[in-house]
Amino acid sequence: KKMKKMDEGPYSEEGEEEEYTGESSYYTESDGEYKSDEEYETEGETDSDNREYISDDDDFDSEGEGDDIPPPLKFILKDIPIKTIQNQTEAVSAVELSEKFIAIGTYQGSLYILAIEGQKAYEFKNVHPGNMVNDISIDAEGEYIASCANDGRVVVRSLLKSSDVTEFSMDSPVVTCALDPQYKSTHRLLVGLQNGEVAVHKVGVFKIKTKKKVIQESHPIKKVCWRNNHIMWIFRGYIRIRNWNQQRNGLQIKLPEPENEDYYQLPVNVTWVDKPKEGNHTIEEFYGTNLGTILHCDIRYNAETKKETVHRTLYKITETTPFCGAAAFNKGESIFYLTLAKNGKIGFRVYSPESHLKSDIPGVMVQQYQDLHLRTLSFEEKYYIFTSNKMIVGSKTTVFDNVKHLVERKNFPAALELAQVHKQELEETEYSLTKLGEAYLTNLMSQGKYDWVRTYLPSVADKDKDIWQKYILEFIDKHQLETILPQIPQEDPQLNATMYESILNYLLQTNINLFKTYIKEWNPKIYDIKNILHCVQVKYENTQDGSLRELIALLHEYDENYASALDLYFNMTGEKLYLFDFIEKYNLFAHVSNRVSELLDIDKDRCLDLLTNHTEEIPVEDVIKQLHDKLGFSSQSTSQSRKQIQLLDYMDRLHRKNEALVEEYHDLLLELYAQYRTSELVDFVTKPRKYIVEKAIATCRKQLERRPEPSKENAINLYKAIVFLQADHLGLYEESLNIIVDKLSDVTLAIKHVNEKDSHLW
């Protein structure tokens, strides 16, 4: 792209892409002369993302419920350990930080070096006599420090070698200065002057000083920075950025015009963020405040493509008080910035698109915003705030700090929740989950807030059975046991057996239904069964409450005294269905093998399933012997008829399940079919069976002669059985034919019989 001439204006702006296209001069190492570019390629790009956030005080949490929100930062106020500053004969005018120390300049022109913890290390009096120090810069190694003032001088000195001092003199007040981060090897210095000049000065061989004028702006320079390969300067309404090593066209960011002209007088603050390299990209990131705007900007240089891109976000924040410095917070997820109220209070804000928090920094007042300085160590996320005579160190609050904050505001639920999440971190502190929780639970119990105790006790007690037992006994003492019952653990932790027995005894005396519930739900191994059984038996003897018999049976079952439990279940109507499960569950077939008729009376179908599924445990012979011997067939009473049908049901089901099991009882089964279920009789006799034919015929004739006479359907089935038995087993074809014709009147069957058995019968 063609460069524009100076008279056309040093910069151009075209939509989203803003290019630094002014004429520039640069220093050539080889000859020490200045040259001017007429034309060169521009590879820099900008990607603009403007955001405006206008907030009233109401948008921030400051009072009421907001006080319960743990602050994101805590601050420690320190006196600056310099007597002249403490007695206010000197005041801080400029500050800079390195990883090793803090440099402070004063209104009186002196320079002081403090250890990063705040202790005084060096002092350099009257570096700029009678002139306030405007700006300070420190190189990357922390060896060289530069200061500048309105006397037009920049003084660069080594902290390791006292004789290594270099002065640069300008023809205009020096507002700001920045050492090349590699100053030890390059000896280069960037300055910004009151007259708008930006220049790079260098000390060469034989200490010859040279100057390269970068640009002449139309307004005073507010701030210059040198970060790795980039130089940056800020003046009224603009930020310019250039990659110095490439000596190429730079990038510019135009700031929005302020509504209030006074904003131009605000101090300019720039804080850088340490960023790791991403692939081929080297990243420089900074936050700046100027003209009522917070700027977040990252510069990405691609070593492979040689292209440089700037991504910027502008936050225009309207507040009733000016703000004086911004920095990254929580690894760049939020922005931290300072404000100064008219009454002198310093406020801090933490802003993100999702939340906005604000608070004041107590204990210190500032009269003018020029006396407020923010510096950061981004790798530690610490914030160093300086006033004219105080140092405030801010850092992210710890879990301990946040819990303490909530406790002090009596927000115990939130404090407990936080303590539970960070249980290990707080274990050895005064705000451990156990200590904090017990204090809160005791307070709740005294206020009668039992539901709240139920809610928090599990998290507070956790696996500590002593705490559990302590509060359970209190619930019992206050007759509020039912409130905590659902929360009482059976394992992890398992309480003492006597504790569970106390609970059950209390329920036995006060709420029998709950007692039943927990006897059934709780594992019986956690308490002494015999102790509880004795208590229930005493209760039963005193009250004759029939429902307690079920519990006595259940406790006998828990105690593996199955015989006693079985006797009780036999006599309890409500538990008779469970009886069969109980027998199978504990393999109690030997105990009931002689009580078949009782089981049939209780539930015929369940009993038949039991008998036919367990023929080895309850032999067929024993069952038939019990029912057959007891019932006989001479009587036709209703009771005996019912028993005979039960015997038939048993043998019929057994026959269908496994014919071999009833082979030797075919005569008995045929007799039962003939008497009670003739529909099965014909099918039974037409297949090979082990029964006596003559006896079978006699049985069928006996049923036909019975009074009252059998129904027509039953008579037909009996005659058909006799026809088959006589014809197929005894060869009595003519006698059978007579029954078919005379008794059954079945011509079709008669023809079939003659054709199949004997044609002479025609």
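Remember, predicted model here, so these are calculated numbers, not experimental data. In what follows, residues are counted from 1 in the order of the sequence shown.
Annotation for Val203 and Lys207: closest pair CG1-CA, 3.6 Å, computed over non-hydrogen atoms. Of all non-hydrogen atoms in Cys177 and Ser147, the two that sit nearest each other are SG-C, 4.3 Å. The minimum heavy-atom distance between Leu374 and Ala326, with the atom names listed, is CD2-N, 3.6 Å. Minimum interatomic distance between Val92 and Asp371 (heavy atoms only, all atoms of both residues): O-OD1, 4.2 Å. Shown here for Tyr337 and Thr339, the closest heavy-atom pair between the two residues is CE1-CG2, 3.9 Å. Contact between Val350 and Pro72 at its shortest, heavy atoms only, is CG2-CG, 3.6 Å.
Between the CD1 atom in Ile76 and the CD1 atom in Ile385 there is a gap of 12.0 Å [rounded to 0.5 Å]. One distance of note links CG of Leu418 with CG of Leu436; it measures 10.0 Å at 0.5 Å rounding. Atom OG1 in Thr397 sits 3.5 Å away from atom CG in Asn402 (nearest 0.5 Å). Put simply, NZ on Lys202 and CG on Leu189 are 12.5 Å apart, with the number rounded to the nearest 0.5 Å. Remark: Ile80 CD1 to Ile85 CD1 distance equals 5.0 Å, nearest 0.5 Å. Note that CD1 of Ile361 is 9.5 Å distant from CG of Leu77, once rounded to the nearest 0.5 Å.
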Derivation and outcome, side chain to side chain contact (heavy atoms under 4.5 Å, CB included), residues Thr398 and Asp401: CA-CA 5 Å; Thr398 64; Asp401 298 323; 2.9 Å; yes
Is there a side chain to side chain contact (heavy atoms under 4.5 Å, CB included) between Trp233 and Glu217 once you walk through the steps? CA-CA 10 Å; Trp233 61 98; Glu217 301 289 6; 2.9 Å; yes
After noting the C-alpha distance and the side-chain angles of Val198 and Ile231, does the key distance pass the side chain to side chain contact (heavy atoms under 4.5 Å, CB included) rule? CA-CA 10 Å; Val198 178; Ile231 62 172; 5.6 Å; no
Given the rule in the side chain to side chain donor-acceptor pair (under 3.5 Å) test, do Glu197 and Ser172 qualify, once you have shown the distances and angles that lead to the verdict? CA-CA 9 Å; Glu197 179 180 291; Ser172 175; over 6 Å; no
Steps toward side chain to side chain contact (heavy atoms under 4.5 Å, CB included) verdict (Trp244, Asp180): CA-CA 10 Å; Trp244 180 256; Asp180 183 335; 5.9 Å; no
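Side chain of Gln370 to main chain of Ser93: no donor-acceptor pair is present (N/O by atom type, distance under 3.5 Å, no hydrogens or angles). A donor-acceptor pair is defined here as one N or O able to donate and one able to accept, closer than 3.5 Å; such a pair exists between the side chain of Lys78 and the backbone of Glu117. Using a distance-only test at 3.5 Å, with no hydrogens or angles considered, no donor-acceptor pair links the side chain of Arg153 to the main chain of Ala149. The closest donor-acceptor contact from the side chain of Ser334 to the backbone of Asn330 lies at 3.5 Å or more, if one exists at all. Ser137 places a side-chain N or O within donor-acceptor distance of the main-chain N or O of Leu179, the cut-off being under 3.5 Å. At distances below 3.5 Å, not a single donor-acceptor pair connects side-chain atoms of Gln108 with backbone N or O atoms of Asn126. Here the side chain of Thr84 pairs no donor or acceptor atom with the backbone of Thr89 at under 3.5 angstrom.
A heavy-atom distance below 4.5 Å is not found between the side chains of Leu97 and Thr376. Taking the side chain as every heavy atom from C-beta outward, Glu430 and Phe400 approach each other to under 4.5 Å. The closest side-chain heavy-atom distance from Val214 to Val200 is below 4.5 Å. Between His128 and Asn134 the shortest side-chain heavy-atom distance does not fall below 4.5 Å. Looking only at side-chain heavy atoms (C-beta outward), His201 and Lys209 stay at 4.5 Å or farther from each other. Residues Cys297 and Ile253 have side chains in contact (heavy-atom distance under 4.5 Å, counting atoms from C-beta outward). Residues Thr387 and Ile346 are in side-chain contact: their nearest non-hydrogen atoms beyond the backbone lie under 4.5 Å apart. The closest side-chain heavy-atom distance from Ile116 to Glu99 is not below 4.5 Å.
Not a single ring pair (Phe, Tyr, Trp, His ring centres under 6.0 Å) links Tyr384 to another residue, sequence neighbours left out. The ring pair (Phe, Tyr, Trp, His ring centres under 6.0 Å) search around Tyr122 returns none, not counting sequence neighbours. Partners of Asp79 according to the salt bridge (charged side-chain N to carboxylate O under 4.0 Å, His left out) rule, which considers only residues two or more places apart in sequence or in another chain, are Lys390. Applying the ring pair (Phe, Tyr, Trp, His ring centres under 6.0 Å) rule to Phe75 yields the partners Phe348; only residues at least two apart in sequence or on another chain are considered.
Contact check on Lys223 versus Asp135 returns a salt bridge, with a Lys/Arg side-chain nitrogen under 4.0 Å from an Asp/Glu carboxylate oxygen. Using a 4.0 Å cut-off between charged nitrogen and carboxylate oxygen, Lys184 and Glu141 do not count as a salt-bridge pair.
Judged by the 6.0 Å distance and 45° axis criteria, Lys222 is not positioned over the aromatic ring of Phe235. Under the 6.0 Å distance and 45° angle rule, Lys404 does not count as a cation-pi partner of Tyr431.
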Which donor-acceptor pairs under 3.5 Å do the side chains of residues 156-165 make with protein atoms, sequence neighbours left out?
unit_1 : atom_1 : unit_2 : atom_2 : d
Ser158 : OG     : Leu160 : N      : 3.1
Ser158 : OG     : Lys161 : N      : 3.1
Asp164 : OD2    : Tyr144 : OH     : 2.6

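Remark: Lys125 NZ is packed, more than 12 non-hydrogen atoms of other residues, nucleotides or ligands lying under 6.0 Å away. Within a 6.0 Å sphere centred on CD of Glu428, heavy atoms belonging to other residues, nucleotides or ligands number 12 at most.
Legend: ring pair (Phe, Tyr, Trp, His ring centres under 6.0 Å) pairs involving residues 83-117, not counting sequence neighbours: none detected.
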